[in-house]
Amino acid sequence: MTRYKNLLLNHQLCFALYAATNSIIRTYRKRLSTVGLTYPQYLVMLVLWEKDGLSINQLAQKLKLDAPTISPILKRLQSYKLIKKERDKSDERRTFIYLTKDGLGLEHSVADLQKQVACKTGLNDKEFYELRDTLNQLTETLSLPDETKKSA
């Protein structure tokens with residue numbers, strides 16, 4: 001029995017986020033499998049539907065990942081003919097990612113799936129957007145160097 005209330009599992013923000021994340025990813029996974037996407041592939045497609053023609057580094061930055069982490073995801077999406085890679089003509093080291101016709105065509109189906117997941121949360125629009133904004137702010141705050149954060 002712990003002597004510290006702050007060490008109780010149900011008092012942990014990290015555990016609440018972890019459990020919620022696992023639940024929502026499982027909910028997405030079930031629906032995304034009907035269109036042949038994994039959750040990480042879905043995230044890449046979201047970024048490209050928002051802005052097509054990003055470099056691999058821009059895509060990785062947007063997803064808060066490093067380029068080697070997304071490379072296998074891109075390779076798989078390319079094998080499904082959802083994206084194509086093109087080398088920068090002025091700098092061969094840079095590769096840009098573009099949606100194919102099939103990749104663009106998938107957007108409508110996935111938009112419907114996302115609505116299903118959002119509805120399953122049981123949150124109304126206001127609660128949904130407030131929670132999303134709070135989590136985005138938390139991510140931003142935790143990304144700051146330690147010396148710029150407020151003391152707890």
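For clarity, every value in this text was computed on a predicted model and none was experimentally measured.
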Legend entry - side-chain contact (heavy atoms from CB on, under 4.5 Å) evaluation trace for Glu127 with Asn124: CA-CA 5 Å; Glu127 293 167 331; Asn124 64 40; 3.4 Å; yes
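- Side-chain contacts under 4.5 Å among hydrophobic residues (ILVMFWY), followed directly or transitively, place Tyr4 together with Leu7.
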Determine all donor-acceptor pairs shorter than 3.5 Å in which one atom belongs to a side chain in residues 38-52; sequence neighbours excluded.
{"unit_1": "Thr38", "atom_1": "OG1", "unit_2": "Gln41", "atom_2": "N", "d": "3.3"}
{"unit_1": "Thr38", "atom_1": "OG1", "unit_2": "Gln41", "atom_2": "OE1", "d": "3.4"}
{"unit_1": "Gln41", "atom_1": "OE1", "unit_2": "Thr38", "atom_2": "N", "d": "2.9"}
{"unit_1": "Tyr42", "atom_1": "OH", "unit_2": "Tyr28", "atom_2": "OH", "d": "3.4"}
{"unit_1": "Trp49", "atom_1": "NE1", "unit_2": "Gly103", "atom_2": "O", "d": "3.0"}
{"unit_1": "Glu50", "atom_1": "OE2", "unit_2": "Lys62", "atom_2": "NZ", "d": "3.4"}
{"unit_1": "Asp52", "atom_1": "OD1", "unit_2": "Leu99", "atom_2": "N", "d": "2.8"}
{"unit_1": "Asp52", "atom_1": "OD2", "unit_2": "Leu99", "atom_2": "N", "d": "3.4"}

Using distance only, find each side-chain donor-acceptor pair of residues 114-121 under 3.5 Å and give its atom names and separation, not counting sequence neighbours.
{"unit_1": "Gln116", "atom_1": "OE1", "unit_2": "Arg31", "atom_2": "NE", "d": "3.1"}
{"unit_1": "Thr121", "atom_1": "OG1", "unit_2": "Ala118", "atom_2": "O", "d": "2.6"}
{"unit_1": "Thr121", "atom_1": "OG1", "unit_2": "Leu123", "atom_2": "N", "d": "3.2"}

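- By the 4.5 Å heavy-atom criterion applied to side chains, Leu77 and Ile97 are not counted as neighbours.
- Taking every heavy atom of both residues into account, Ala60 and Ile70 meet most closely at N-CD1, 3.7 Å.
- In this structure, the salt bridge (Lys or Arg N to Asp or Glu O under 4.0 Å) partners of Glu130, at least two apart in sequence or on a different chain, are Lys126.
- For Ser33, there are no side chain to side chain donor-acceptor pair (under 3.5 Å) partners two or more places apart in sequence or in a different chain.
- In this structure, His11 contributes its side chain and Asn6 its backbone to no donor-acceptor pair below 3.5 Å.
- Shown here are the side chain to side chain contact (heavy atoms under 4.5 Å, CB included) partners of Thr100, two or more places apart in sequence or in another chain: Lys84, Asp102.
- Tyr18 belongs to a hydrophobic cluster whose other members, connected by ILVMFWY side-chain contacts under 4.5 Å either directly or through intermediates, are Leu9, Phe15.
- Connection of Tyr98 to Leu104 is not established within any shared hydrophobic cluster, with ILVMFWY side chains joined at heavy-atom distances below 4.5 Å, either directly or through further cluster members.
- In this structure, the separation between CG on Leu8 and CD on Gln12 is 8.0 Å, given to the nearest 0.5 Å.
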Inset, instruction - Go through the steps for Leu82 and Leu37 under the test side-chain contact (heavy atoms from CB on, under 4.5 Å), then give the verdict. - result: CA-CA 10 Å; Leu82 297 175; Leu37 289 178; 3.8 Å; yes
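- With sequence neighbours excluded, no residue satisfies salt bridge (Lys or Arg N to Asp or Glu O under 4.0 Å) with Lys89.
- Leu135 and Leu63 fall into different hydrophobic clusters, defined by Ile, Leu, Val, Met, Phe, Trp and Tyr side-chain heavy atoms under 4.5 Å apart, directly or through other members.
- Note: Ser55 OG to Gln61 CD = 8.5 Å, rounded to the nearest 0.5 Å.
- In this structure, the separation between CG on Leu144 and CG on Leu142 is 8.5 Å, given to the nearest 0.5 Å.
- In this structure Thr95 satisfies the side chain to side chain donor-acceptor pair (under 3.5 Å) test together with Arg87, sequence neighbours excluded.
- Rounding to the nearest 0.5 Å places CG of Leu113 at 12.5 Å from NZ of Lys30.
- A search for side chain to side chain contact (heavy atoms under 4.5 Å, CB included) contacts involving Thr139 returns Lys64, Ser143, not counting sequence neighbours.
- Asp88 is linked by a side chain to side chain contact (heavy atoms under 4.5 Å, CB included) to Ser90, Asp91, Arg94, Phe96, counting only residues two or more places apart in sequence or in another chain.
- In this structure, the separation between CG on Leu59 and OG on Ser71 is 9.5 Å, given to the nearest 0.5 Å.
- By the side chain to side chain contact (heavy atoms under 4.5 Å, CB included) test, Gln78 pairs with Ile83, Lys85, sequence neighbours left out.
- Panel note: side chain Thr69, backbone Leu65; no donor-acceptor pair is recorded below 3.5 Å.
- Taking the side chain as every heavy atom from C-beta outward, Leu17 and Leu138 approach each other to under 4.5 Å.
- In this structure, Glu107 and Val110 have side chains that are not in contact, with every pair of non-hydrogen atoms separated by 4.5 Å or more.
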